[in-house]
Amino acid sequence: MELTIYQIILLTIYSFIAINDSLITNTLTQPVVSGFVAGLIMGDMKVGLTVGATLQLMRLGIAAFGGASIPDYFSGALLGTVFAVLSGQGAKFGVGLAVPVSLLMLQLDVVARFCNVFLLHRIDKAIDNLEDQKISPLVLSGSMLWGVSRAIPVLIMLLAGSATIQSITTSMPDWLMGGLKTAGGVLPVVGIGVLLRYLPVKKFVPFLILGFVLSSYLKLPILGVFLLGLVIAMLFYKMNSTKKEETTTKEHVLLEGGYDGDE
């Protein structure tokens with residue numbers, strides 16, 4: 001399969017718009033969304049959703065607080081999906097390829113932030129000098145720079161990828177290809193492990209074991225496990241709310257009338 005011009009254009013435009021959207025809603029840069037869009041453009045949504053959802057697991061519990069840079073799983077999911085479809089090696093190969101791409105794009109993220117700091121100082125200077133007409137162009141320049149920090153690398157990889165990916169995959173030794181697929185199968189566990197570190201797992205160990213048994217031993221689909229977990233969560237929330245209301249009512253009675261209600 002070869003990339004068409006319209007696919008390259010759509011993927012590049014999407015990467016430009018999505019990275020700017022990360023400053024507002026942070027929706028389009030979610031790996032599962034990125035994988036879905038790339039899969040839709042490439043004509044294989046199943047691979048796109050698989051790659052995106054796997055990268056999404058790795059991203060859970062990780063955020064760029066305080067301007068810190070994290071692996072760019074958005075671009076990784078996008079390019080991983082494209083290369084997985086082009087090579088025909090499947091989603092596991094795409095995930096294994098997406099991880100080094102995410103780490104590479106992390107370095108470009110640092111460069112883009114550094115350049116925007118320069119523009120920010122120019123904006124501060126314009127505000128101090130009451131030069132209002134300079135502020136809007138500088139802000140738009142920062143947005144443009146932020147967009148091309150993803151659009152240009154994605155474009156370069158796509159232009160090189162359509163012809164290069166075929167030669168790379170055919171020249172790769174079996175051990176390396178197998179390693180990438182194995183990494184793609186293991187990495188979701190790493191993402192879940194990172195997420196569990198931030199959750200009150202000790203308090204809900206029985207539910208964790210129940211979900212594992214349903215999925216691994218009873219072969220219940222993930223949607224079924226989710227729906228069962230949703231029911232348990234709703235019942236747990238309702239029980240806690242009722243208990244809290246009863247406690248509040250008892251405290252109210254004690255404060256008003258004492259223990260016998262006649263004081």
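Counting from 1, the numbers follow the sequence of the chain as shown.
Listed by chain and residue number, N26 satisfy the side-chain hydrogen bond (donor to acceptor under 3.5 Å, both in side chains) test with T29 (two or more places apart in sequence, or in another chain). Checked against salt bridge (charged side-chain N to carboxylate O under 4.0 Å, His left out), K134 has the following partners two or more places apart in sequence or in another chain: E131. In terms of the side-chain contact (heavy atoms from CB on, under 4.5 Å) criterion, residue partners of D132 (sequence neighbours excluded) are, by chain and number, I135. For the ring pair (Phe, Tyr, Trp, His ring centres under 6.0 Å) test, no residue two or more places apart in sequence or in another chain qualifies with F226. Residues satisfying the side-chain contact (heavy atoms from CB on, under 4.5 Å) criterion with I209, sequence neighbours excluded, are V205, V213.
Smallest separation of non-hydrogen atoms from M45 and L40: SD-CD1, 3.6 Å. Closest non-hydrogen pair, I41 versus Y6, comes out as O-OH, 4.2 Å.
Between H121 atom NE2 and L138 atom CG the span is 13.0 Å, to the nearest 0.5 Å. The CZ atom of F36 sits 12.0 Å away from atom CG of L28, with the distance rounded to the nearest 0.5 Å.
Judged as a side chain to side chain donor-acceptor pair (under 3.5 Å), the pairs with a partner in residues 137-146 (not counting sequence neighbours) are, in order, N20-S143.
Tracing side-chain contacts under 4.5 Å through hydrophobic residues (I, L, V, M, F, W, Y), one reaches L159 starting from V85; they form part of the same cluster. Transitive grouping of hydrophobic side chains (ILVMFWY, heavy atoms separated by less than 4.5 Å) brings F118 and V139 into a common cluster.
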